[in-house]
Each structure stands twice: as C-alpha cells, then as structure tokens.
2 protein chains.
Amino acid sequence: MLTIGKLGAAAGVKVPTIRYYEQIGLLPDAERSSGNQRLYARSTQDRLAFIRHARELGFPLEAIRDLLGLSDRPDQSCSEVDAIARTQLQAVEGRIARLQALKGELERMVDQCAGGRIGDCRVIEVLGDHTHCSADHSRDLHGVSE
Amino acid sequence: MLTIGKLGAAAGVKVPTIRYYEQIGLLPDAERSSGNQRLYARSTQDRLAFIRHARELGFPLEAIRDLLGLSDRPDQSCSEVDAIARTQLQAVEGRIARLQALKGELERMVDQCAGGRIGDCRVIEVLGDHTHCSADHSRDLHGVSE
DNA sequence: CTAATGTCTCTAGCAACTAGAGGTTCAAGG
DNA sequence: CCTTGAACCTCTAGTTGCTAGAGACATTAG
C-alpha cells in the first residue's frame with residue numbers, strides 16, 4: 001500500500017491533484033489508515049498514470065471519465081473509445097491550424113517592428129486592425145494563454 | 001455615442017465581456033445615460049477591437065493591459081511592445097510543437113484501434129503506458145482542452 | 001522523545017469569461 | 001399616450017483543472 005505522496009511521485013501527479021481527482025469522482029475514495037491517511041493499491045498507480053497521460057494528450061476530464069468507465073467493461077466494442085480519440089485528434093488538428101495562422105500574424109508583426117517609437121509601431125497598429133486576419137480565430141479565445 | 005449592445009456587435013465582443021473588461025480595468029468606466037446605461041465613444045470601439053484581436057492572438061489580458069498602457073504613450077521606444085510580441089510568438093511556437101507531438105500520438109492510437117473489443121483496444125492501452133511519449137508534455141497540462 | 005516531514009480538511013484563488021435572477025430603461029407600434 | 005418587448009442594469013455563482021494556504025493531526029528518523 002502506498003501513501004498519497006508515494007503514489008503521486010510514482011505517477012507524476014501532485015498530491016493535491018490526486019485529492020482533487022478523488023473529490024470529483026475520477027478516482028474512487030481511497031482506503032484509509034488507522035490515522036485517516038489515504039492508502040492506495042498498486043493498481044491505482046496505473047489508473048492515475050492513465051489519467052495523467054490522457055490529460056497530457058489534451059483529453060478533458062469528462063472524456064477521461066468516459067474512457068475509464070469504458071475500460072472497466074473490456075468486453076464491449078471499442079467504437080466509443082475510438083470516437084473519443086478521433087474527436088480529440090480533430091480538436092488538436094484544429095488547434096494547430098489556428099495557431100499556425102496566429103504564428104504568421106505574430107511574425108509579420110515582429111518583422112515590421114523597426115525599433116522606432118511606439119507611434120510608428122506596427123505591432124500596435126496590427127493589433128488595432130483586423131483586416132489582415134487570415135482566419136476566424138474566435139474559437140481560440142480560451143485556453144490559449146501560457 | 002453607442003450603447004453597449006451596439007459596441008459589442010461592432011467590435012465582435014459579447015456584452016457581458018465588455019462589462020467584465022470594465023470591471024477589471026481594461027476599459028475605463030463608461031459614461032452613463034440619464035437612465036444609467038453605458039454610453040461609448042467611437043474610440044472605445046477601436047480599443048475594444050484591439051483587445052479582441054490581441055486575445056485572438058493569444059495575448060493574456062495582463063499583456064494586453066501592458067500594450068494598452070504603452071500605446072497611450074506613443075513617443076517611447078517600442079522595444080517593450082516588441083518584447084511582448086516576441087514572447088507571445090515563442091509561446092505559440094512552443095504550443096504548436098507540443099501539439100504536433102500529441103497529434104502523432106493520437107494518430108497512432110486511432111490507427112491501431114482495429115475496431116475490436118475494449119479489452120484489445122490500443123487506445124486504452126496506449127493511454128495507460130507512457131513509454132511511447134515522444135516529448136515532455138507536462139507543461140501542456142492546462143489550457144489544452146477545447 | 002522530539003523534531004521534521006507528511007498528511008488531513010477546508011476555504012479561497014487563478015484565467016477569462018458565461019449564465020442566471022430579478023429589476024429598470026428605452027424605442028417603436030397602436 | 002401607452003404598452004410591449006428588447007435591451008440594459010447589478011449581483012451572484014458557475015465553469016475547468018487545478019494550486020495555495022491555514023491550522024491541526026500522523027508518521028518516521030535520529
């Protein structure tokens with residue numbers, strides 16, 4: 001049996017995140033020691049690694065919840081699993097396409113900044129002007145900052 | 001003078017978002033009509049279009065706040081503006097690179113899903129296994145979902 | 001035995017909005 | 001002039017996926 005800290009270190013997930021996953025029902029309620037501390041079986045490490053990897057791949061927690069539910073019923077068709085993965089793939093492709101349009105626009109901005117005064121700055125000017133927009137980025141308004 | 005609805009329509013920003021921007025100080029407090037409704041000058045439309053475009057380009061609101069502050073002092077050097085844009089460009093390039101790694105992994109998953117039962121499903125298997133990871137995606141853990 | 005570290009619960013905060021309740025004001029049609 | 005309905009107001013709370021902190025208890029190394 002592992003304590004939460006060992007589990008987190010083994011799976012590469014921070015301790016509060018594990019408690020959060022338990023809270024939202026993504027992990028089952030952990031067993032407890034006599035002193036009320038969470039104890040985990042090895043299998044939980046696999047489940048947690050699964051979650052982590054899926055998160056890294058950009059799957060939202062709701063999709064991961066579905067995948068975990070599906071993986072608990074190994075005799076059914078995997079078409080649903082496939083659909084979730086395909087949806088995710090499409091989302092990633094869309095993000096890449098839009099980010100590449102943004103990249104082009106940013107490059108133009110930086111190239112045109114001649115190092116003068118702000119009054120002449122192309123960056124400011126381009127940001128105030130939509131006419132060079134090469135795509136509809138409106139669906140990019142969230143989740144892009146870093 | 002424009003009402004908030006007209007302004008929003010003209011700049012492509014939703015009404016509650018405009019009020020939110022005012023609340024956090026990104027837009028100055030609007031003038032009010034006798035009946036307490038917000039009224040905007042045309043110049044606000046430009047400022048709002050600037051914000052919208054910068055958001056579409058992925059600039060966080062804090063960076064936009066800085067840019068707006070800089071654009072109000074047009075006689076200074078634009079090196080700061082340039083730096084903000086370059087930072088943003090780097091962030092976008094990093095995101096693209098990581099998303100392309102993720103795309104490859106997702107494609108492998110989908111290709112290998114032979115349409116059988118979940119017990120044999122490669123998607124589930126790959127998600128449980130980190131060994132094929134081609135990069136450290138750990139900085140991708142937020143902001144990727146769509 | 002004690003000190004340090006780990007764990008517990010709980011609340012609050014982050015970005016950047018979005019949604020809803022419940023009430024007021026405005027513009028147009030009859 | 002009056003009414004209707006859209007647009008506006010404020011306020012609170014919710015979203016996603018965590019992260020940070022407070023204050024208290026548990027465990028472990030020396």
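The figures here come from the full heavy-atom set of this structure, side chains too, leaving out hydrogens, waters and symmetry mates. Chain identifiers are assigned alphabetically (A, B, ...) following the order of the sequence lines, protein sequences preceding nucleic acid strands; residue numbering begins at 1 within each chain.
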Distance col, row Ile84(B):CD1 vs Leu67(B):CG, nearest 0.5 angstrom, shows 4.0 Å

Here the distance between atom C1' of dT16(D) and atom CZ of Arg55(A), to the nearest Å, is 8 Å

Here the residues of residues 27-40 of chain A within 4.0 Å heavy-atom distance, strictly under, of DNA chain C are Arg32(A), Asn36(A), Gln37(A), Arg38(A)

Checklist entry - Quick one: is dT9(C) close enough that its OP1 or OP2 comes under 4.0 Å of any side-chain N or O from Arg19(A)? => result no

Atom CG of Leu48(B) and atom P of dA16(C) are separated, to the nearest Å, by 16 Å

Side-chain contact check for Thr3(A): nearest option of dT18(C), dT7(C), dA16(C) is dT7(C)

Discussion item. Just checking Arg32(A): does its CZ atom have more than 12 heavy atoms from other residues, nucleotides or ligands closer to it than 6.0 angstrom?
Written reply: yes

Hey, is Asp82(B) close enough to Arg86(B) for a salt bridge, meaning N to O under 4.0 Å?
-> yes

Ile4(B) near the nucleic acid: base, sugar-phosphate alone, or nothing, with a heavy-atom cut-off under 4.0 Å? sugar-phosphate

The residue, Gln23(B) or Val15(B), whose nearest nucleotide of DNA chain D is more 5′ is Val15(B)

Rounded to whole Å, CD1 of Ile24(B) lies from P of dG13(C) at a distance of 17 Å

The side-chain contact (heavy atoms from CB on, under 4.5 Å) partners of Glu93(A) (sequence neighbours excluded) come to Leu89(A), Lys103(B), Glu107(B)

Per atom distances to the Tyr20(A) side chain, the nearest of dC8(C), dT10(D), dG17(D) is dG17(D)

Rounded to whole Å, the CZ-P distance (Arg52(A) to dG17(D)) equals 17 Å

Are there any protein N/O atoms within less than 3.5 Å of an N/O atom in nucleotides 19-23 of chain C, and if so, which ones and at what distance?
none

note: Leu7(A), atom CG; dT7(C), atom C1'; distance rounded to Å ~ 14 Å

Across all chains, not counting sequence neighbours, the side-chain contact (heavy atoms from CB on, under 4.5 Å) partners of Glu62(A) are Arg65(A)

Does a side-chain N or O from Tyr21(A) land closer than 4.0 Å to OP1 or OP2 of dG17(D), or not? no

dist Tyr40(A):OH -> Lys6(A):NZ (nearest 0.5 Å) comes out at 14.5 Å

Applying side-chain contact (heavy atoms from CB on, under 4.5 Å) to Thr87(A) and not counting sequence neighbours gives none

Without placing hydrogens or testing angles, list every side-chain donor-acceptor pair under 3.5 Å for residues 19-30 of chain B, not counting sequence neighbours.
residue: Glu22(B); atom: OE1; partner: Ala30(B); partner atom: N; Å: 3.3
residue: Glu22(B); atom: OE1; partner: Arg38(B); partner atom: NE; Å: 3.1

Atom CG of Leu2(B) and atom C1' of dA7(D) are separated, to the nearest Å, by 15 Å

The reported gap from CD in Glu31(A) to OG1 in Thr44(A) (rounded to nearest 0.5 angstrom) is 8.5 Å

